[in-house]
Amino acid sequence: MSQTTRTLVFVKPDGVRRGLVGEIIQRFEKRGIRIVGLKMVHPTRELAEKHYAVHRDKPFFEGVVNFITSGPVVAMVLECPNAIEVTRQMMGATNPINAAPGTIRGDFGLDIEQNIIHGSSDPEAAEYELNLWFKPEELVGQ
């Protein structure tokens with residue numbers, strides 16, 4: 001049996017503006033994924049720059065920071081066996097043009113810059129992002 005793990009997922013400002021939060025949460029819950037942390041937050045520039053720090057030297061860094069701070073996001077800590085792999089599969093390819101129908105980005109994404117949802121890419125990123133976005137006391141099932 002696979003080990004239960006946690007990952008950070010958040011609905012980006014475009015998904016919040018378009019009213020997709022409930023639909024996205026419902027997809028995770030129907031899959032059997034447990035929500036152990038949930039909050040709406042308008043990210044500060046400081047938080048966004050820390051979150052995307054690994055991309056600081058890339059040409060898209062400024063744009064992604066500006067986008068993620070353009071409105072509220074709904075951040076979630078999700079828990080299930082193989083949480084990172086399962087949630088990323090459900091999200092679909094980063095570029096919605098390449099995302100399969102039935103995935104979140106395949107069904108709702110319009111372009112690579114505003115692609116509805118973020119999910120941690122690997123265990124190291126998940127640990128970093130979970131600690132950045134949530135305090136331990138904000139999580140249930142500790």
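Count residues from 1 along the sequence.
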A.B. asks: So, is the end of the Lys12 side chain (NZ or CZ) under 6.0 Å from the ring centre of Phe67 and within 45° of the ring's axis?
C.D. replies: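 Verdict for Phe67: no cation-pi partner in Lys12.
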A.B. asks: Can you list everything that forms a side-chain contact (heavy atoms from CB on, under 4.5 Å) with Glu23? Sequence neighbours excluded, please.
C.D. replies: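 Gln26, Arg27, Phe108.
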A.B. asks: So do the side chains of Glu138 and Leu38 get within less than 4.5 Å of each other, counting heavy atoms only?
C.D. replies: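 No - every pair of side-chain heavy atoms lies 4.5 Å or more apart.
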A.B. asks: Quick check against the 3.5 Å criterion: does Gln89 have a side-chain atom that pairs as donor or acceptor with the backbone of Val86?
C.D. replies: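 The answer is no, because no donor-acceptor pair under 3.5 Å joins these two groups.
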A.B. asks: Do the non-hydrogen side-chain atoms of Pro81 and Gln3 ever get within less than 4.5 Å of each other?
C.D. replies: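 With C-beta onward as the side chain, the pair stays apart.
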A.B. asks: Counting only N and O atoms by type, is there a donor-acceptor contact under 3.5 Å from the side chain of Asn115 to the main-chain atoms of Asp111?
C.D. replies: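 Not confirmed, Asn115 side chain does not pair with Asp111 backbone.
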A.B. asks: Using a cut-off of 6.0 Å, state whether more than 12 heavy atoms not belonging to Glu62 lie near its atom CD.
C.D. replies: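 Enclosed.
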A.B. asks: Which atoms form the tightest heavy-atom contact between Thr69 and His42, and what is the distance?
C.D. replies: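 Closest approach of Thr69 to His42, heavy atoms only: O-NE2, 2.8 Å.
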A.B. asks: Where do Pro43 and Gly71 come nearest, in terms of heavy atoms and distance?
C.D. replies: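 Looking at all heavy atoms of both residues, the shortest contact is CD-O, 3.5 Å.
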A.B. asks: Would you give the length of the straight line joining atom CD1 of Ile117 to atom CE of Met90, rounded to the nearest 0.5 angstrom?
C.D. replies: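 Between atom CD1 of Ile117 and atom CE of Met90 there are 8.0 Å.
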A.B. asks: Are Val64 and Val41 linked, directly or through intermediate hydrophobic residues, by side-chain heavy-atom contacts shorter than 4.5 Å (ILVMFWY only)?
C.D. replies: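 Same cluster.
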A.B. asks: Is a side-chain N or O of Asp122 found less than 3.5 angstrom from the main chain of Ala125, in a donor-acceptor match?
C.D. replies: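 Yes; at least one donor-acceptor contact below 3.5 Å.
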A.B. asks: Nearest 0.5 Å, please: how far is OH in Tyr128 from OG in Ser121?
C.D. replies: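 Between Ser121 OG and Tyr128 OH, I get 12.5 Å after rounding to 0.5 Å.
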A.B. asks: Do the side chains of Lys39 and Phe134 get nearer than 4.5 Å, heavy atoms only?
C.D. replies: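 Phe134 vs Lys39: side chains touch.
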A.B. asks: Do Arg45 and Asn66 have side-chain atoms, one donor and one acceptor, less than 3.5 Å apart?
C.D. replies: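 Yes - a donor-acceptor pair under 3.5 Å links their side chains.
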A.B. asks: If I take atom CD1 from residue Ile35 and atom SG from residue Cys80, how far apart are they, to the nearest 0.5 angstrom?
C.D. replies: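 Nearest 0.5 Å value for the CD1-SG distance: 11.5 Å.
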A.B. asks: Return the set of residues passing side-chain contact (heavy atoms from CB on, under 4.5 Å) with Phe61 (not counting sequence neighbours), or none when no residue passes.
C.D. replies: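 If we apply the side-chain contact (heavy atoms from CB on, under 4.5 Å) test to Phe61, skipping adjacent residues, the hits are Glu49, Tyr52, His55, Arg56, Val65.
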A.B. asks: Tell me every residue that passes side-chain contact (heavy atoms from CB on, under 4.5 Å) with Arg34, counting only those two or more places apart in sequence or in another chain.
C.D. replies: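 Checked Arg34 against side-chain contact (heavy atoms from CB on, under 4.5 Å); matches are Val36, Glu79, Val140.
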A.B. asks: Please determine whether the number of non-hydrogen atoms from other residues, nucleotides or ligands lying under 6.0 Å from atom CG of Leu132 exceeds 12.
C.D. replies: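 Correct, the count exceeds 12.
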A.B. asks: Heavy atoms, side chains only, cut-off 4.5 Å: are Met76 and Val11 in contact?
C.D. replies: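 They are in contact (side-chain heavy atoms under 4.5 Å apart), so the answer is yes.
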A.B. asks: Of Asp107, Leu110, Val16, Leu20, which is the lone residue that meets side-chain contact (heavy atoms from CB on, under 4.5 Å) with Ile116?
C.D. replies: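 Among the candidates, only Leu20 passes.
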A.B. asks: Give a yes or no on whether Val9 and Ile112 share a hydrophobic cluster (residues Ile, Leu, Val, Met, Phe, Trp, Tyr; joining criterion: side-chain heavy atoms under 4.5 Å apart).
C.D. replies: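 Val9 and Ile112: separate clusters.
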A.B. asks: Using the rule that Ile, Leu, Val, Met, Phe, Trp and Tyr join whenever any side-chain heavy atoms are under 4.5 Å apart, tell me whether Phe10 and Leu130 fall into a single cluster.
C.D. replies: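 Linked within one cluster.
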A.B. asks: Evaluate the side-chain proximity of Glu127 to Ser120: yes if any heavy-atom separation is below 4.5 Å, no if none is.
C.D. replies: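 A side-chain contact is absent here, since even the closest heavy-atom pair is not under 4.5 Å.
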A.B. asks: If you group Ile, Leu, Val, Met, Phe, Trp and Tyr by side-chain heavy-atom gaps below 4.5 Å, do Ile84 and Leu8 land in one group?
C.D. replies: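 Per the 4.5 Å side-chain linkage, Ile84 and Leu8 are not co-clustered.
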A.B. asks: State, with a plain yes or no, whether a side-chain heavy atom of Ile68 is found less than 4.5 Å away from one of His51.
C.D. replies: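 They are not in contact (no side-chain heavy atoms under 4.5 Å apart), so the answer is no.
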A.B. asks: Donor-acceptor pair, Thr87 side chain versus Ala83 backbone, under 3.5 Å?
C.D. replies: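 Side chain of Thr87 to backbone of Ala83, a donor-acceptor pair under 3.5 Å: yes, one is there.
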A.B. asks: Can you tell me how far CH2 of Trp133 sits from NZ of Lys50, rounded to the nearest 0.5 angstrom?
C.D. replies: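 With rounding to 0.5 Å, NZ (Lys50) is 12.0 Å from CH2 (Trp133).
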A.B. asks: Between Arg105 and Ala99, is there a donor-acceptor pair closer than 3.5 Å when you use the side chain of the first and the backbone of the second?
C.D. replies: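 No, Arg105 side chain to Ala99 backbone: no donor-acceptor pair under 3.5 Å.
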A.B. asks: Same cluster or not: Met40 versus Ile104, using hydrophobic residues (I, L, V, M, F, W, Y) connected whenever any side-chain heavy atoms lie under 4.5 Å apart?
C.D. replies: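 Yes, same cluster.
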